[in-house]
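Working notes, structure below.
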Amino acid sequence: MNSENVNPEAGGDSLPQQPDVVLVHGMWSLPETLRELHDAFVAMGYGVESLCLPHHYEKSAYNDDRKARLAAARLEEYVDHIVEKILQKSCPPILVGHSMGALLAQLAAARVPCERLILLSSAAPAGINGLGLSVIRTLGRNLLQFPLWKAVTEVTEAQVSYGIANAQSPALQQHIARNCTYESGMATWQISMGLMLRSRSSAHVDFPRIQCPVLIIGGTADRITPISIQRQIANRFRGQATLIEIADCCHWTIGGEFFPQIQSAIHEWLGFKEQQAR
């Protein structure tokens with residue numbers, strides 16, 4: 001799900017090159033999950049690339065070998081993939097991530113320059129407690145698998161309805177659940193151990209190395225990456241980050257009922273930054 005945007009020339013001189021947008025999906029997801037977000041950036045005139053994280057396929061496409069490869073996939077492998085895609089760009093992109101993808105975006109932006117960083121309902125970086133009661137209930141039986149780092153995780157419609165899309169319509173909840181795929185147990189384990197391991201964790205974000213402006217958006221009704229996590233991430237960035245809280249919105253900040261508010265917030269933030277840079 002990619003699109004290209006070419007800047008025209010005026011009077012023989014090329015206009016300043018507009019950065020591409022790179023989208024990173026979250027757990028149990030695929031690039032198609034980001035369709036509404038993708039289309040919103042295209043409507044703003046950006047070239048957009050929706051990445052597919054390594055070993056991610058539709059559920060029906062998995063066999064035992066593919067499941068084993070996904071189960072063992074580490075955060076480091078995901079981040080390497082994102083960094084490689086960024087380095088292929090002619091200039092630093094606007095990097096956008098949702099959920100686990102937002103955590104991965106932070107880890108990538110600490111390694112390579114980005115023009116902007118947009119975090120939607122971010123998973124908790126190491127050192128921030130991401131395992132409240134609602135989070136544990138949403139993850140459900142996945143946490144009972146042992147060893148988790150050798151398993152794949154998945155979510156049921158009940159888990160989606162409770163913790164991922166609890167503020168969305170039943171029809172959208174069912175659609176999300178039908179299109180969810182498997183996720184790496186190893187990556188899930190690495191994120192869950194972040195509070196304990198802190199700077200030794202693969203989920204540790206070196207915040208001072210991220211030099212670009214940051215937008216953080218979270219919903220006050222999010223049950224799997226609660227708004228308290230988004231506030232703590234914003235505090236780690238200090239004055240570098242803008243935090244926008246969407247009242248009554250759940251974890252599904254990439255589409256659905258609250259997306260017009262989210263799209264408007266992104267548009268205004270990007271416009272403000274562009275004016276400030278002139």
**Q.** Spatial distance of atom SG (Cys180) from atom CD (Glu157) [nearest 0.5 Å]
**A.** 10.5 Å

Q. Which heavy atom in Ala165 sits nearest to a heavy atom in Gln173, and how many Å separate them?
A. O-NE2, 2.9 Å

**Q.** Under the side-chain contact (heavy atoms from CB on, under 4.5 Å) test, residues paired with Leu195 that sit two or more places apart
**A.** Asn129, Arg198

Q. Is there side-chain contact between Phe237 and Ile216, with heavy atoms separated by less than 4.5 Å?
A. yes

Q | N/O donor-acceptor pair under 3.5 Å between Thr181 side chain and Trp28 backbone | A | no

Q. Regarding Thr138 and Gln159, is there a side-chain donor-to-acceptor distance under 3.5 Å anywhere?
A. no

Q) Any link between Leu87 and Leu104 through a network of hydrophobic side chains (Ile, Leu, Val, Met, Phe, Trp, Tyr) touching at under 4.5 Å? A) yes

**Q.** Plane angle bin for His98 and His251 - parallel if under 30°, tilted between 30 and 60°, otherwise perpendicular
**A.** tilted

Q. Does Val152 share a hydrophobic cluster with Met193, counting links as ILVMFWY side-chain heavy atoms below 4.5 Å and allowing steps through other members?
A. no

Q) At what distance, to the nearest 0.5 angstrom, does CD1 of Ile210 lie from CZ of Arg236? A) 12.0 Å

(Q) Could you measure the distance from the CG atom of Leu117 to the CD atom of Glu115? Nearest 0.5 Å is fine. (A) 11.5 Å

(Q) Determine whether a donor-acceptor pair (N or O, by modelled atom type, separation under 3.5 Å) exists between the side chain of Ser161 and the backbone of Ala158. (A) no

Q | Modelled atom types, side-chain donor and acceptor of Gln263 and Glu36, under 3.5 Å | A | no

(Q) When you compare the side chain of Val135 with that of Pro226, does any pair of heavy atoms fall below 4.5 Å? (A) yes

Q: Apply the test side chain to side chain contact (heavy atoms under 4.5 Å, CB included) to residues Met44 and Leu270: give CA-CA distance (whole Å), side-chain angles for both, the deciding distance (0.1 Å), then the verdict.
A: CA-CA 10 Å; Met44 294 181 208; Leu270 288 171; 4.1 Å; yes

Q. Does Val214 reach the side chain of Leu119, with side-chain heavy atoms less than 4.5 Å apart?
A. yes

Q.
Restricting to non-hydrogen atoms, name the atom on Ile233 and the atom on Ala123 that form the minimum distance, rounded to 0.1 Å.
A. CD1-O, 3.9 Å

Q. When rounded to the nearest 0.5 angstrom, what distance separates CG in Leu148 from CD in Gln190?
A. 10.5 Å

Q. Does the distance from a Lys or Arg side-chain N to an Asp or Glu carboxylate O, for Glu32 and Arg35, drop under 4.0 Å?
A. yes

Q) Any side-chain donor-acceptor pair under 3.5 Å between Gln261 and Ser264? A) no

Q. How far apart are the closest heavy atoms of Gly256 and Gln168, and which atoms are they?
A. CA-OE1, 3.5 Å

Q) Would His267 and Phe41 count as a ring-ring contact (aromatic ring centres under 6.0 Å, His included) if you check the C-alpha gap in whole Å, the side-chain angles of each, and the deciding distance to 0.1 Å? A) CA-CA 9 Å; His267 186 274; Phe41 278 107; 9.9 Å; no

Q. Hey, quick one: are Phe258 and Trp252 part of the same hydrophobic cluster, counting side-chain heavy atoms closer than 4.5 Å, chains of contacts allowed?
A. yes

Q. Above 12 or not: heavy atoms from other molecules or residues under 6.0 Å from NE2 of His175?
A. no

Q: Before giving the answer on side chain to side chain contact (heavy atoms under 4.5 Å, CB included), spell out for Trp269 and Ile118 the whole-Å C-alpha distance, their side-chain angles and the decisive distance to 0.1 Å.
A: CA-CA 10 Å; Trp269 182 77; Ile118 300 177; 3.9 Å; yes

**Q.** Donor-acceptor side-chain pairing of Thr253 and Ser121 below 3.5 angstrom
**A.** yes

Q: Go through the side-chain N and O atoms of Thr220 and Glu245 and say whether any donor and acceptor fall under 3.5 Å apart.
A: no

Q. Roughly how far apart are Ser29 OG and Leu34 CG, rounded to 0.5 Å?
A. 7.0 Å

Q | NZ/NE/NH1/NH2 to OD/OE distance under 4.0 Å, Arg74 and Asp80 | A | no

Q: Check each of Ile262, Leu37, Leu23 against Ile254 using the side chain to side chain contact (heavy atoms under 4.5 Å, CB included) test, and report the only one that passes.
A: Leu37

Q | Minimum heavy-atom distance between Gly26 and Ser99, given as atom pair plus value | A | CA-CB, 4.3 Å

Q | From CA spacing to verdict: side chain to side chain contact (heavy atoms under 4.5 Å, CB included), Leu75, Ile191 | A | CA-CA 8 Å; Leu75 293 177; Ile191 294 172; 4.0 Å; yes

Q: Taking atom CG of Asp65 as the centre, report whether more than 12 heavy atoms of other residues, nucleotides or ligands fall under 6.0 Å from it.
A: yes

Q: Please check if the side chain of Arg223 supplies one atom and the backbone of Gly163 the other of a donor-acceptor pair under 3.5 Å.
A: no

(Q) Could you check whether any side-chain N or O of Arg66 sits under 3.5 Å from a backbone N or O of Ala61, counting only pairs where one atom can act as donor and the other as acceptor? (A) yes

Q.
Check whether Tyr182 reaches the backbone of Lys67 with its side chain - one donor and one acceptor, N or O, closer than 3.5 Å.
A. no

Q: Compute whether any side-chain donor of one residue and acceptor of the other, for Gln106 and Ser122, lie under 3.5 angstrom apart.
A: yes

Q.
Just so I know, are the side chains of Leu70 and Tyr62 near enough to count as touching, which here means a heavy-atom distance under 4.5 Å?
A. yes

Q.
Is a donor from one side chain sitting under 3.5 angstrom from an acceptor on the other, for His25 and Ser50?
A. no

Q: Hey, could you give me the NE2/CG distance between His56 and Leu51, rounded to the nearest 0.5 Å?
A: 12.0 Å

(Q) Walk me through whether Leu95 and Ile82 qualify under side chain to side chain contact (heavy atoms under 4.5 Å, CB included). (A) CA-CA 10 Å; Leu95 185 58; Ile82 297 167; 4.2 Å; yes

Q: Quick one: do Glu183 and Thr153 satisfy side chain to side chain donor-acceptor pair (under 3.5 Å)? Show the steps, please.
A: CA-CA 5 Å; Glu183 189 50 72; Thr153 64; over 6 Å; no

Q | Any donor-acceptor N or O pair under 3.5 Å, side chains Ser202, Glu76 | A | yes

Q. Hey, is the main chain of Leu139 close enough, under 3.5 Å, to the side chain of Asn142 for a donor-acceptor pair?
A. yes

**Q.** Contact summary for Pro125 and Leu103, nearest pair of heavy atoms
**A.** CA-CD1, 3.7 Å

Q) Can you tell which of His81, Arg69, Glu77 makes a side chain to side chain donor-acceptor pair (under 3.5 Å) with His55? A) Glu77

**Q.** Side-chain donor or acceptor of Gln232 paired with backbone N/O of Ile128 under 3.5 Å
**A.** no

**Q.** Backbone N/O of Ser184 and side chain of Thr188: donor-acceptor pair under 3.5 Å
**A.** yes

Q) Is there a chain of hydrophobic side chains (I, L, V, M, F, W, Y, each step under 4.5 Å between heavy atoms) that links Met186 to Met27? A) no

Q.
Can you tell whether the side chains of Glu154 and Lys59 come within less than 4.0 Å, N to carboxylate O?
A. yes

**Q.** Inter- and intrachain pairs under ring-ring contact (aromatic ring centres under 6.0 Å, His included), touching residues 132-151, at least two apart
**A.** Phe146-Trp149, Trp149-Trp189

Q: Heavy atoms only: give me the nearest Asp222-Ile224 pair and the separation to one decimal.
A: OD1-N, 2.9 Å

(Q) Do Met100 and Leu143 land in one hydrophobic cluster if side-chain heavy atoms of ILVMFWY residues count as linked below 4.5 Å? (A) yes

